[in-house]
Amino acid sequence: MRHSTLLLLQLIFFAVMEIHPSERTILNSIDFGSKIGLSLPKGDSKQTDKLDAAAGFKVSLKNADLRLYESLSTEVPATMQALSDGLGSPRYGFGITLFGKSVPTTIKAGKNSHSKSLSKIKNPSPSTAATPLRQSFAFSTGIHSSLPTLSSAEQPLSATLNIGIPKNSVLDGLSIDALVDEKMDTALSASAEKRLGKLSSMHFALTGARFFIENGSAVLKKSGAEFRPDYYLSGLAEFSLRTPIVKANARIGAQESPYDANPVWLSLECRTGYRNVISDFSFFAVPTSELTPRTAPLIGANSSIQRTLTQIGISPQTVFLFGSESPAAVRLGAHAIAARKITSTKNAEMMDVGKIRVAESFESKRTTVRHDLTVANILISGNPPNKTSTPEKYVTNSISVSRKSAKLNMTADISHKHVPPYSSSHPATDTFTSTLTATPGLSKTLSASGKVSLTFKDARKSGGEFSFSASCKFKSKKASASLKCGVEIPF
């Protein structure tokens, strides 16, 4: 397997050289990367030390990119057999851009990851991450393919094609994407943009896909809703409007289902602002949930059951700017989410949960200070049938301070997480975490990070962990190398 992989990469490399025969000696850059981490077990644990490592390289040519990485995970000390078993499959990828600016065409192949519209099809449920000080309001469509990195996870072998059509009299941009992978999952997407004057624009996209959906849920089997694994179709339509007054992203998706009804889901995100105040609003719903089995209102293209039926979020924030010679900003924001979900039990029960997060920050040229307070998994209504299906309420409080200077860049984080008692057999839990990261100088060739975590249950220490990592990077005109080492020590 590894011999065939190396042969394939060599063939690709020489193919690129043939495309640019006059540039055989020209190399934009070559980057070598490696990392190694050691995890020690608890003193009373029967487990052994664990070693995780990865290494590889990235070669950048004028219009091409070639990557190869290998990972290792094994116990220490390790035998030759354990080392062989701990080696993962090589993660490789290749990308090339053809035809310049006339009709820019990008081809990527390898064990790549995919995002944007495809991520929405695989996992339609909205994010529950509260972001009270979010500054960007992005809208990303198409099938974005990312080549492997030193820390990326294993992915199926795939190939993607992206064709960009330059601006014309009708549209200001058109992009077409296609995907196929080794499991014969396929997708096709088209995105277009139209400007409406100097400050306004609209963007729309259509994506269709076919994915193999498996029936791996024990809950579906227990509730009599199991189905035969097969290929199912998915569709997604997206629309975005940008004006000086309001920004809006709208999506409607449909998923072919193994049951009688095919689910449909909707999502809407809006942002408006006036002077120094910005307000965000989000909405998500599965209007067909009454037509599908209660335990599976929507199954994403990644075979996961989407348990969120509706979700509403609102996030106001304001910013105060001051100072002329040394400008600074103070930001204040809040984010509240209310969602209706179903429990992952045989008799799926509905429950309403909420999340609230408030944050404040001070930002200047060299200093940033931020405070966050989060109350999550608030049970608003509903009766979860057991402990495992009951959302675990928790409260987190964190402070982050970062300072930049010519000699040293430092970031310090302190956080506390409190989980209230559930019953006499499940006492309160408190976790304290402190992290310090330092990077000497402005070159960022060296950096170090230390982290200490303490956990208390019923006011008694139940666990702790210390971790330390250091990284260095060496760079020349056409080459660079990086090394990261880390250790985790429980106590």
Side-chain angles (χ1 to χ4, degrees), residues 123 125-138 267 269-271 277-284 307-320 329-341 343-344 351-363 368-382 384 387-402 411-422 426-437 449 451-459 462-465 467:
N123 184 15
S125 291
S127 171
T128 58
T131 51
L133 299 182
R134 184 177 69 164
Q135 298 183 37
S136 64
F137 191 80
S267 75
E269 298 174 313
C270 295
R271 165 172 284 192
V277 177
I278 298 174
S279 296
D280 291 347
F281 171 81
S282 62
F283 173 77
F284 173 86
R307 303 192 182 280
T308 301
L309 303 181
T310 59
Q311 179 172 301
I312 297 176
I314 185 170
S315 178
Q317 62 172 299
T318 183
V319 58
F320 300 96
V330 172
R331 299 180 184 274
L332 307 174
H335 195 158
I337 295 174
R340 171 159 293 181
K341 300 175 176 286
T343 60
S344 57
M351 59 181 177
D352 295 324
V353 296
K355 184 176 185 178
I356 300 174
R357 182 178 180 183
V358 296
E360 317 88 40
S361 73
F362 168 82
E363 303 168 9
T368 300
V369 181
R370 174 164 174 159
H371 168 257
D372 286 87
L373 174 64
T374 304
V375 183
N377 291 338
I378 306 169
L379 184 60
I380 301 172
S381 64
K387 171 65 171 65
T388 57
S389 61
T390 302
E392 185 179 71
K393 181 181 177 181
Y394 65 87
V395 181
T396 61
N397 214 342
S398 65
I399 297 177
S400 174
V401 180
S402 63
T411 300
D413 299 282
I414 301 175
S415 66
H416 168 234
K417 180 179 180 180
H418 173 73
V419 180
Y422 177 75
H426 295 84
T429 301
D430 291 276
T431 303
F432 298 88
T433 303
S434 176
T435 305
L436 177 64
T437 303
S449 175
K451 179 179 179 181
V452 177
S453 177
L454 292 173
T455 302
F456 294 84
K457 287 187 178 181
D458 199 18
S462 62
E465 183 180 85
S467 63

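Each residue takes its place number in the sequence, starting with 1. Note: hydrogens, waters and symmetry copies are ignored here, and every other heavy atom, side chains too, is used.
- Between Phe432 and Phe456, the ring planes are perpendicular. Angles over 60° get that label, and only those under 30° would be called parallel.
- Residues forming a side chain to side chain contact (heavy atoms under 4.5 Å, CB included) with Ser462 (at least two apart in sequence, or on another chain): Thr455, Lys457.
- In summary, Lys417 and Asp430 do not engage in a salt bridge, as defined by a charged side-chain N under 4.0 Å from a carboxylate O.
- Residues satisfying the side chain to side chain contact (heavy atoms under 4.5 Å, CB included) test with Ala412, not counting sequence neighbours, are Leu436.
- By the side chain to side chain donor-acceptor pair (under 3.5 Å) test, Arg307 is found to be paired with no residue, residues two or more places apart in sequence or in another chain being considered.
- Between Glu360 and Arg331 no salt bridge is recorded (no basic side-chain N to carboxylate O distance below 4.0 Å).
- With sequence neighbours excluded, no residue satisfies side chain to side chain donor-acceptor pair (under 3.5 Å) with Glu465.
- For the 3.5 Å distance criterion, the side chains of Ser415 and Ser398 fail to qualify, holding no donor opposite an acceptor.
- Applying the salt bridge (charged side-chain N to carboxylate O under 4.0 Å, His left out) definition to pairs two or more places apart or across chains, those involving residues 369-379 are Arg357-Asp372, Arg370-Asp372.
- Checked against side chain to side chain donor-acceptor pair (under 3.5 Å), Asn397 has the following partners two or more places apart in sequence or in another chain: His371.
- Minimum heavy-atom separation, Gly354 to Ile380: N-CD1, 3.9 Å.
- Every residue was checked against the side chain to side chain donor-acceptor pair (under 3.5 Å) condition with Ser282, not counting sequence neighbours, and none meets it.
- Residues forming a side chain to side chain contact (heavy atoms under 4.5 Å, CB included) with Lys355 (at least two apart in sequence, or on another chain): Ala130, Ile337, Thr374, Ala376, Tyr394.
- The ring pair (Phe, Tyr, Trp, His ring centres under 6.0 Å) search around His418 returns none, not counting sequence neighbours.
- Applying the side chain to side chain contact (heavy atoms under 4.5 Å, CB included) criterion to Ser467, with sequence neighbours excluded, gives Lys451, Glu488.
- Residues forming a salt bridge (Lys or Arg N to Asp or Glu O under 4.0 Å) with Asp413 (at least two apart in sequence, or on another chain): none.
- Under the side chain to side chain donor-acceptor pair (under 3.5 Å) criterion, the residue pairs touching residues 309-320 are Asn276-Thr318, with sequence neighbours excluded.
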